[in-house]
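The next block holds one structure in the form of structure tokens; read it before the comments.
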Amino acid sequence: MAAEAVYSPQPGLTFNDPTDSLAAKYAMKNHINASIAATPPGATIRIATYSFAFDDTVDRLIAARDRGVKVQVLIDNHLTTSQTSRLTASLGSDVTKGSFVRRCRQGCMSSNPSVMHAKIYLFSTAGLSRLVSMVSSANLSSSSQSLSWNNLSTVVNNATIYTSLAKYFDDMVPDKDNLNYYRTTTSGMHKLHYYPRAAVAGVNTVTQLDALGRVSCTGASTGYGYRGRTVIRVAMFVWAGSRLDIAEKLWQLRERGCVVQIITNVPLAGPGIMKALLKRSSRYGVMPVYDALH
């Protein structure tokens, strides 16, 4: 009988589907769990997540530590679950050790009211893959993976991305104020932005506005966009009123010819957001905005 192949995470995107089978709902968790189980002795796992509530993931992390893997976990302190308590009891909280769980006071780099909202999964080795970096919109919780739509991007054998994310993790571990941490890392088609970012007088420090300011709405290459027009798609869980400027910028881009499509939770949108997005255009009518809560 042939030996079972070792799981090796592959580069690409993983999406869940909360309307489908259990396997489809938990596609991201299953990908992470299989990678944990494939991590050999001497390797290092780093996980930063806002919420953590999966028993099977805890089991795999403890088993990994027991076979000689360094397991390091950062969790926001907004909620204590039985899973985070069990993992902390097993790994300990001493960050000078090889394995640990760190519960940040607030956002890991701020003692002001804030949250550690990263969802990062790093594996020095998993199966036959090395320097595995996963960045996700989903927490390790059922609400993120079985009740809502999320995604996970996996990059493999990329030292630039892996080292940059590992530095971010390591820089959060001390849990000390660093309100102007902002930096970026670019490697090929990938670009990472790290926060928090301090406001600077006279400088546009809103990353999304900076990116949108570089968009040209016409001249899209064959096979891209829609009939030569650039397509912009935005999916956002909460759209705060403080980011009215982004809503207004998207409307302006649509007026210039971009095709703009938006999914958001309309009842959670801040003051003025929906009015700005749904303002009728004399050229293109009303922008399509899909309400994720309905």
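Position 1 is the first residue of the sequence; numbering continues from there.
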### Task
Carefully, step by step, assess Leu165 and Arg46 under the rule side chain to side chain contact (heavy atoms under 4.5 Å, CB included).
CA-CA 10 Å; Leu165 286 166; Arg46 294 178 177 92; over 6 Å; no
#### Entry: Tyr195 side chain reached by Met109 side chain, heavy atoms, under 4.5 Å
no
### Message
Checking the side chain of Arg197 only, and the main-chain atoms of Tyr182 only, is there a donor and an acceptor separated by less than 3.5 Å?
### Response
no
### Query
Has the side chain of Asn16 got a donor or acceptor atom that lies under 3.5 Å from a matching backbone atom of Ala27?
no
### Query
Do NZ/NE/NH1/NH2 and the carboxylate oxygens of Asp210 and Lys249 come within less than 4.0 Å?
no
### Query
From Tyr194 OH over to Thr184 OG1, what is the distance, rounded to the nearest 0.5 angstrom?
9.0 Å
### Over 12 non-hydrogen atoms of neighbours within 6.0 angstrom of OH in Tyr284
yes
### Message
What verdict does the side chain to side chain contact (heavy atoms under 4.5 Å, CB included) test give for Ser133 and Asn158, after you've listed the backbone C-alpha separation in whole Å, the side-chain angles of each residue and the deciding distance to 0.1 Å?
### Response
CA-CA 8 Å; Ser133 304; Asn158 187 315; over 6 Å; no
### Message
Check whether Ser129 reaches the backbone of Pro9 with its side chain - one donor and one acceptor, N or O, closer than 3.5 Å.
### Response
yes
### Message
Tell me the closest heavy-atom pair linking Ala198 and Asn180, and the distance in Å.
### Response
N-OD1, 3.3 Å
### Message
Please say yes or no: joined through hydrophobic side-chain contacts below 4.5 Å, possibly via intermediate residues, are Ile32 and Leu74 part of one cluster?
### Response
no
### Message
In this structure, would Ile161 and Val156 fall into the same cluster of hydrophobic residues linked by side-chain contacts under 4.5 Å?
### Response
no
### Task
Starting from the C-alpha separation in whole Å, work towards a yes-or-no answer on side chain to side chain contact (heavy atoms under 4.5 Å, CB included) for Asn151 and Phe15.
CA-CA 5 Å; Asn151 61 82; Phe15 298 94; 3.7 Å; yes
#### Entry: Heavy-atom pair with the smallest gap, counting every atom of Asp17 and Lys25
O-CG, 3.4 Å
## Note on the structure
Between Ala38 and Arg67, the two heavy atoms sitting closest are N-NH2, 4.3 Å
### Message
Tell me if a side-chain donor or acceptor on Asn77 pairs with a main-chain N or O of Arg103 at a distance below 3.5 Å.
### Response
no
### Query
Just wondering, are more than 12 heavy atoms of other shown residues or ligands nearer than 6.0 Å to CE in Met274?
yes
### Task
Could you tell me which non-hydrogen atom of Ala276 sits nearest to which non-hydrogen atom of Trp251, and how far apart they are?
O-CD1, 3.4 Å
### Query
Do Met236 and Val215 belong to the same hydrophobic cluster, where Ile, Leu, Val, Met, Phe, Trp and Tyr are linked whenever their side-chain heavy atoms lie under 4.5 Å apart, directly or via other members?
yes
### Query
Is there a chain of hydrophobic side chains (I, L, V, M, F, W, Y, each step under 4.5 Å between heavy atoms) that links Tyr290 to Val260?
no
### Query
Would you say the side chain of Asn178 lies within less than 4.5 Å of the side chain of Lys176, judging by non-hydrogen atoms?
no
### Task
Report the distance from atom OG of Ser114 to atom CZ of Arg105, rounding to the nearest 0.5 Å.
9.0 Å
### Query
Is a donor on one side and an acceptor on the other found under 3.5 Å between the side chain of Lys119 and the backbone of His117?
yes
### Nearest-0.5 Å distance, CG of residue Leu61 to CD1 of residue Ile36
4.0 Å
### Query
Between Arg254 and Ser281, does any side-chain donor sit less than 3.5 Å from a side-chain acceptor?
no
### Query
Does some side-chain heavy atom of Lys167 sit less than 4.5 Å from a side-chain heavy atom of Arg183?
yes
### Query
Which pair of heavy atoms, one from Asp245 and one from Leu209, lies closest together, and at what distance?
OD2-CD1, 3.4 Å
#### Entry: Side-chain heavy atoms of Val234 within contact of Thr264, under 4.5 Å
no
### Message
Do Leu278 and Ile262 land in one hydrophobic cluster if side-chain heavy atoms of ILVMFWY residues count as linked below 4.5 Å?
### Response
yes
### Message
Determine whether His78 and Val115 satisfy the following criterion, side chain to side chain contact (heavy atoms under 4.5 Å, CB included), listing intermediate values before the conclusion.
### Response
CA-CA 8 Å; His78 76 289; Val115 294; 5.5 Å; no
### Pairwise side-chain contact, Pro11 with Val155, heavy-atom cut-off 4.5 Å (strictly under)
no
### Query
When you measure from the side chain of Asp76 to the backbone N and O of Tyr50, does any donor-acceptor pair fall under 3.5 Å?
no
#### Entry: Atom pair CG (Leu131) and CZ (Phe123), whose distance is rounded to the nearest 0.5 Å
13.0 Å
### Query
Given side chains that start at C-beta, do those of Tyr162 and Ser124 come closer than 4.5 Å, heavy atoms only?
yes
### Query
Are a donor atom and an acceptor atom from the side chains of Ser142 and Ser146 found within less than 3.5 Å of each other?
yes
### Task
Check whether any side-chain N or O of Arg283 sits under 3.5 Å from a backbone N or O of Glu255 as a donor-acceptor pair, and report yes or no.
yes
### Task
To the nearest 0.5 angstrom, please state how far the CZ atom of Arg86 sits from the CZ atom of Phe52.
9.0 Å
### Query
Checking Asn265 side chain against Pro267 main chain: does a donor-acceptor pair fall under 3.5 Å?
no
### Donor-acceptor under 3.5 Å (Asn139 side chain, Ser144 main chain)
no
### Task
Can you see which heavy atom on Ala43 is nearest to which on Val69, and at what distance?
O-CG1, 3.4 Å
### Message
Side chains of Val206 and Arg243, heavy atoms from C-beta outward: is any pair under 4.5 Å?
### Response
yes
### Query
Just wondering, do Lys29 and Asp56 contact through their side chains at under 4.5 Å, heavy atoms?
yes
### Query
Roughly how far apart are Ile75 CD1 and Thr81 OG1, rounded to 0.5 Å?
7.0 Å
### Query
Sub-3.5 Å donor-acceptor pair from the side chain of Thr205 to the main-chain atoms of Ala199, do we have one?
no
### Message
For the residue pair Thr185 / Ser164, report whether a side-chain donor-acceptor contact shorter than 3.5 Å exists.
### Response
yes
